[in-house]
Amino acid sequence: MNRPFLAIAALAAAAAPAFAQSNIDPSRKFAWSENCGWTNWRDALGGAQGVDVGPIFLKGFIYGENIGWINTGNGSGPYANTDGSNFGVNILASGFLSGLAWGENVGWINFGTQPTVGPQGARFDSVAGRFRGYAWGENIGWINLDDPNAFVALVPPCCLGNADKLPGSVTFADITSILQNFNVSYGPSSTGAGDANCDGSVNFADVTNVLQNWLNNCS
């Protein structure tokens, strides 16, 4: 998606907390809103301020081409959601979401929709590693998290030794990928090429990991 320079600068200025790299899957980062189009949950500031899904709350930013930035929380959760200083999206023990996100151009977005729509309420499916259900914005209508083909999911579990991030066995191709990306830092929940142990950086530990998992199948 194209991101206007001024919007990026405004986000950087407003985002005082330091977020971790988004753990949203690069291939599963879009959700659809019937009234405002696609929302991108990963790519805010190159992923550095995209949504990060923790055990009990979200933090970071969603971007909508037609509606701008949506703030899911500043990382100080779980959020009380009593006023504009402590809003954010929580994950309940049941998996259902609660709380509010703030859209700079569209106002409050309610992720705690389960009391209203029951099983179709917005929720995080920890087994499948993806979001489901529907969130509601008074000014934009429903955001669909439940489409079978276009949904938001976490980075899949790492196949250790798979440095080239391609299907197949752990082979010399994975060593080559490490050499080509040596000293690159990706951040947490990495799926970056060369990072064989998924610790967020490419170094000698990845060579060791490839050797320990030699010929393992990473299909």
Side-chain angles (χ1 to χ4, degrees), residues 1-30 38-63 65 69-77 124 126 129-131 151-219:
M1 286 187 176
N2 295 322
R3 298 189 293 275
F5 175 79
L6 291 178
I8 296 174
L11 172 62
F19 294 113
Q21 184 80 10
S22 175
N23 58 0
I24 300 298
D25 188 339
S27 66
R28 295 292 187 186
K29 60 186 179 182
F30 294 111
W38 294 108
T39 58
N40 181 338
W41 291 49
R42 178 179 170 84
D43 290 339
L45 293 183
Q49 301 221 19
V51 174
D52 183 70
V53 181
I56 58 174
F57 60 85
L58 310 186
K59 59 184 176 180
F61 293 85
I62 302 167
Y63 182 75
E65 185 71 25
W69 301 105
I70 300 169
N71 186 351
T72 67
N74 65 7
S76 60
F124 180 70
S126 60
R130 57 160 291 185
F131 289 92
F151 56 85
V152 178
L154 297 191
V155 172
C158 180
C159 179
L160 296 179
N162 185 17
D164 63 2
K165 306 304 176 184
L166 298 174
S169 298
V170 178
T171 64
F172 285 110
D174 297 287
I175 295 291
T176 300
S177 182
I178 293 171
L179 296 177
Q180 291 173 337
N181 296 280
F182 203 76
N183 283 335
V184 172
S185 180
Y186 294 107
S189 303
S190 170
T191 58
D195 188 8
N197 61 0
C198 297
D199 68 352
S201 59
V202 182
N203 49 41
F204 286 110
D206 296 293
V207 176
T208 300
N209 192 272
V210 166
L211 296 177
Q212 290 173 338
N213 292 279
W214 193 252
L215 298 183
N216 282 356
N217 192 334
C218 280
S219 298

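Scope of the values below: all heavy atoms of this structure, side chains included, with no hydrogens, waters or symmetry mates.
- In this structure, the side chain of Asp174 engages the main chain of Thr171 through a donor-acceptor pair within 3.5 Å.
- The OG atom of Ser185 sits 9.0 Å away from the CG atom of Asp199 when rounded to the nearest 0.5 Å.
- Atom CD1 of Ile175 and atom CH2 of Trp214 lie 6.0 Å apart (nearest 0.5 Å).
- Judged by distance alone, with hydrogens and angles left aside, the side-chain atoms of Asn209 form a donor-acceptor pair with the main-chain N or O of Gly161 at under 3.5 Å.
- Closest heavy-atom contact between Asp195 and Ser201: OD1-O, 3.2 Å.
- The salt bridge (charged side-chain N to carboxylate O under 4.0 Å, His left out) search around Arg130 returns Asp146, not counting sequence neighbours.
- A donor-acceptor contact shorter than 3.5 Å is absent between the side chain of Asp43 and the backbone of Gly46.
- Listed here is the closest heavy atom pair of Ala163 and Ile178: CB-CG1, 3.7 Å.
- Between atom CG of residue Leu58 and atom OG of residue Ser22 there is a gap of 10.5 Å, rounded to the nearest 0.5 Å.
- When all heavy atoms of Ala193 and Tyr186 are compared, the closest pair comes out as O-OH, 2.7 Å.
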Under the side chain to side chain contact (heavy atoms under 4.5 Å, CB included) rule, what do Leu154 and Ile24 come out as? Steps first, then yes or no, please. CA-CA 4 Å; Leu154 297 191; Ile24 300 298; 4.1 Å; yes
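- No donor-acceptor pair under 3.5 Å is formed between the side chain of Ser177 and the backbone N or O of Ala173.
- Legend: residues meeting ring-ring contact (aromatic ring centres under 6.0 Å, His included) with Phe151, ordered by chain and number and at least two apart, are absent.
- Atom OG1 of residue Thr72 and atom CD1 of residue Ile62 lie 6.0 Å apart, to the nearest 0.5 angstrom.
- Arg42 contributes atom CZ, which lies 10.5 Å from atom CG of Asp52 (distance to the nearest 0.5 angstrom).
- The shortest non-hydrogen separation linking Lys165 to Gly192 is CE-O, 3.0 Å.
- The residue from Phe30, Tyr63, Phe131 that alone fulfils the ring-ring contact (aromatic ring centres under 6.0 Å, His included) condition with Trp41 is Phe131.
- Counting only distance, with no hydrogens or angles, the side chain of Asp206 and the backbone of Asn203 share a donor-acceptor pair below 3.5 Å.
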